[in-house]
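Structure record follows, encoded as structure tokens.
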Amino acid sequence: AISAEPNELDPHRMKIGPDNFGTWNMFERLFERDLDGVLVPGLATEWEVSDDGREFTVSLREGVLFHDGTPMTAEDAKFSLERYASDENNRYAFNLEGVSVEVVDELTVVVSFPEPNGGFLVGGGWAHIVPRAYAEQGADVLSAAPVGTGAFKFVERTIGEGFTVERFDDYWGDKASYERVEFRFIPDSNARVSALRAGEVDVIDAVPPQLVAGLESDSSVKTVTSVNGDNVWLQFNNRQPDKPWADVRVRQAMAYAIDQETLKEEIQFGLGVLHADVTPLYYGYVEGQPAQYPYDPAKARELLAEAGYADGFEFNFVTQVDGRSPYSAAYGQAVAGYWEAVGLRPNLQILEYSQWVDSIFALDGVLWMLWGSTGTFDPQYRLIAGHTCDGPLTNQCDPDFDAMVEELTQITDLDERAAKYTEIFQYIDDQAYSIYGFTIEGTFAMNTNVNWQPWTGVPYTKMTNAQPA
């Protein structure tokens with residue numbers, strides 16, 4: 001059972017994180033991450049990068065078939081990369097901005113960019129590879145009946161209930177052990193746990209932390225807890241110049257008002273890794289760098305008074321119901337309480353997941369934000385999408401910040417990239433554009449008749465490695 005329903009099954013039109021429940025099981029990219037998060041060959045077997053970092057010569061894997069039985073060729077790779085970059089329905093097309101692809105032969109492409117591109121490899125090449133002939137049958141064919149190269153192929157979908165896949169027997173790699181997998185949508189966390197205990201489902205994601213101990217003591221259930229790639233922070237709408245948080249002192253005050261350590265212990269039951277957004281999954285992670293704002297309510301009141309808000313102010317604070325995250329509602333309530341304690345008056349709104357997603361694009365206030373770096377172990381795409389002036393999910397515009405991110409996109413050396421994005425997050429922290437919380441340590445649970453290990457940094461049930469016990 002899954003906690004949130006995919007919005008889109010076309011991998012080039014992903015809109016929300018839960019779309020990955022489908023994508024990760026049915027599609028593949030040129031470069032992949034193994035179970036431990038290490039970058040490994042996917043549909044590409046070899047690649048060379050030009051000295052200037054602009055050109056990638058990619059050798060494709062021989063003998064790969066799509067789910068419709070057609071062979072994968074360089075034309076499909078070219079089509080997929082260019083479709084990802086140009087589809088008006090793709091929020092993340094910026095990842096391949098300016099890409100051009102030359103077909104050298106049936107299994108070789110040269111991927112070129114106008115500038116050095118440091119995100120192409122770490123992002124797996126971004127675009128999942130789809131069959132050109134099939135995709136060109138109609139704009140929405142991949143949404144209705146997706147066709148990829150993955151270990152599972154699509155069977156059917158019922159909106160509001162879930163979708164089903166079956167083993168692809170002609171898969172080029174290790175075959176899936178299960179012949180058929182049904183992804184059943186159960187948004188209520190307690191209902192998911194009850195369904196597992198009743199034997200109605202075999203695996204569940206997003207186990208509420210307060211229920212983990214009880215499941216661990218249940219001999220019919222196994223649990224696995226790991227850093228799953230989802231990150232939580234509080235996002236101001238910094239495009240509202242008439243709001244109190246247009247003053248950096250107010251944003252800093254609201255950060256000082258929150259006791260992150262206590263939230264971790266009391267709301268998350270000790271699970272999660274606190275950070276100022278250089279997360280444990282990012283290359284170059286160093287614990288405590290940058291540092292979070294310490295809990296200092298007196299400092300918060302002082303800064304609010306300096307900014308002219310000694311008596312506080314009223315504002316909207318939006319979070320989501322528990323489900324996609326097992327404690328989003330409780331976390332929001334606790335944060336609202338901290339802000340009330342320093343004289344602020346948050347109007348807390350706990351929205352259904354789809355409504356919460358819509359609120360990102362029409363934010364009037366402060367948002368509890370959840371975003372993963374699934375499968376990249378690198379923050380570039382999230383910095384662009386969520387923080388730059390033209391990002392599709394942004395509530396911020398700072399030309400100085402954008403210039404730093406532009407520098408990051410052109411750095412190919414991993415150590416240099418790590419230094420640059422640490423500098424960028426320090427800038428965000430200094431300006432308090434966001435109040436960073438933690439990376440989720442998420443718990444999956446399964447019946448003892450299933451052997452399955454979650455993929456490092458992936459908060460979704462990618463079941464290609466699941467086996468009967």
Side-chain angles (χ1 to χ4, degrees), residues 1-9 14-25 157-163 182-198 200-212 214-215 221 223-235 263 267-269 271-272 317-336 348-361 363 367-372 374 393 437-446 454 458-463:
I2 57 178
S3 56
E5 183 178 21
N7 178 278
E8 176 63 73
L9 295 181
M14 288 179 55
K15 294 180 172 61
I16 57 176
D19 291 349
N20 284 295
F21 282 116
T23 300
W24 280 81
N25 285 284
R157 181 187 186 189
T158 302
I159 301 296
E161 296 183 14
F163 66 97
E182 177 186 344
F183 292 82
R184 187 179 304 173
F185 173 43
I186 304 179
D188 182 84
S189 299
N190 291 316
R192 279 197 310 282
V193 172
S194 296
L196 177 68
R197 282 183 153 150
E200 297 171 3
V201 300
D202 296 300
V203 180
I204 63 172
D205 72 316
V207 176
Q210 67 271 23
L211 300 182
V212 171
L215 286 175
V221 171
T223 63
V224 181
T225 299
S226 64
V227 174
N228 71 10
D230 272 342
N231 305 294
V232 169
W233 72 93
L234 303 171
Q235 175 70 55
L263 284 174
I267 304 299
Q268 301 154 227
F269 286 71
L271 296 176
F317 175 36
V318 179
T319 187
Q320 60 181 257
V321 297
D322 294 342
R324 168 73 173 84
S325 164
Y327 35 61
S328 46
Y331 191 93
Q333 291 165 341
V335 168
L348 179 63
Q349 302 171 30
I350 303 176
L351 305 181
E352 294 294 332
Y353 183 74
S354 60
Q355 295 175 310
W356 173 84
V357 170
D358 290 341
S359 74
I360 298 173
F361 305 98
L363 178 61
L367 180 73
W368 178 93
M369 191 66 176
L370 175 70
W371 194 329
T374 303
L393 302 173
F438 60 98
T439 290
I440 291 177
E441 287 183 291
T443 300
F444 298 88
M446 66 203 81
V458 178
Y460 313 105
T461 44
K462 181 181 178 181
M463 302 303 293

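Fair warning: this is a prediction, and the values are worked out from it, not measured in the lab.
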Using side-chain contact (heavy atoms from CB on, under 4.5 Å), reason through Tyr327 and Ser189 one step at a time and then give a plain yes or no. CA-CA 10 Å; Tyr327 35 61; Ser189 299; over 6 Å; no
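- Here Phe444 and Tyr460 keep their ring centres 6.0 angstrom or further from each other.
- Nearest heavy-atom pair, Leu211 versus Asn190, reported as atom, atom and distance to 0.1 Å: CD1-OD1, 3.4 Å.
- With hydrogens and angles ignored, the 3.5 Å screen pairs no side-chain donor or acceptor of Glu352 with any backbone N or O of Gln355.
- Two residues are said to be in side-chain contact when any heavy atoms from C-beta on lie closer than 4.5 Å; Leu263 and Tyr331 meet this criterion.
- Side-chain N or O atoms of Asn231 include one that pairs as donor or acceptor with a backbone N or O of Trp371 at under 3.5 Å.
- A pairwise comparison of heavy atoms in Asn25 and Met463 identifies OD1-N, 2.8 Å as the closest pair.
- For Ser359 (side chain) and Trp356 (main-chain N/O), a donor-acceptor pair under 3.5 Å exists by modelled atom type.
- With hydrogens and angles left out, the side-chain atoms of Arg197 and Ser194 include no donor and acceptor closer than 3.5 Å.
- Using a 4.5 Å heavy-atom threshold, the side chains of Tyr353 and Ile16 count as touching.
- Among residues two or more places apart in sequence or in another chain, the salt bridge (charged side-chain N to carboxylate O under 4.0 Å, His left out) test is passed with Glu200 by none.
- Under the 3.5 Å distance criterion, the side-chain polar atoms of Asn7 are left unmatched by any main-chain donor or acceptor of Lys15.
- Closest approach of Ser328 and Val321 over heavy atoms only: OG-O, 3.0 Å.
- Panel note: side chain Arg184, backbone Ala1; no donor-acceptor pair is recorded below 3.5 Å.
- For the pairing with Phe317, the side chain to side chain contact (heavy atoms under 4.5 Å, CB included) check across Leu234, Ile350, Leu367 returns one residue only, Leu234.
- Among all heavy-atom pairs drawn from Pro326 and Pro208, the shortest one is CB-CA, 3.5 Å.
- Under the 3.5 Å distance criterion, the side-chain polar atoms of Arg157 are left unmatched by any main-chain donor or acceptor of Gly162.
- Atom OG1 of residue Thr158 and atom CZ of residue Phe185 lie 13.0 Å apart, to the nearest 0.5 angstrom.
- For the atom pair CG of Leu370 and OG1 of Thr319, the computed distance is 9.0 Å after rounding to the nearest 0.5 Å.
- In this structure, Met446 and Asp202 have side chains that are not in contact, with every pair of non-hydrogen atoms separated by 4.5 Å or more.
- Remark: the backbone N or O of Ala191 is paired with a side-chain donor or acceptor of Asp188 at under 3.5 angstrom.
- Checked by atom type, the side-chain pair Asp205/Thr461 shows no donor-acceptor distance below 3.5 Å.
- In this structure, the side chains of Leu215 and Val193 come closer than 4.5 Å at one or more pairs of heavy atoms.
- With Arg192 contributing its side chain and Ala206 its backbone, the two residues share a donor-acceptor pair below 3.5 Å.
- Residues passing the salt bridge (charged side-chain N to carboxylate O under 4.0 Å, His left out) test with Glu441, sequence neighbours excluded: none.
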If you apply the rule side-chain contact (heavy atoms from CB on, under 4.5 Å), what do you find for Val227 with Ile440, and how did you get there? CA-CA 6 Å; Val227 174; Ile440 291 177; over 6 Å; no
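- Listed by first and then second residue, the salt bridge (charged side-chain N to carboxylate O under 4.0 Å, His left out) pairs that reach into residues 321-330 are Asp230-Arg324, sequence neighbours excluded.
- Considering only heavy atoms from C-beta on, Leu351 stays 4.5 Å or farther from Gln320 through its side chain.
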side-chain contact (heavy atoms from CB on, under 4.5 Å) evaluation trace for Val232 with Met369: CA-CA 6 Å; Val232 169; Met369 191 66 176; over 6 Å; no
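- With values rounded to the nearest 0.5 angstrom, Glu182 atom CD is found 10.0 Å from Ile2 atom CD1.
- Note: Thr223 OG1 to Ile204 CD1 = 10.0 Å, rounded to the nearest 0.5 Å.
- Contact of the Leu196 side chain with the Val221 side chain is registered, since non-hydrogen atoms from C-beta on lie closer than 4.5 Å.
- Taking the six-membered ring wherever Trp is involved, the centroid distance between the rings of Phe21 and Phe183 does not fall below 6.0 Å.
- We find the CD-CG distance between Gln235 and Leu393 to be 10.0 Å, quoted to the nearest 0.5 Å.
- Here the straight-line distance linking atom CD of Glu5 with atom CZ of Phe163 works out to 9.5 Å at 0.5 Å rounding.
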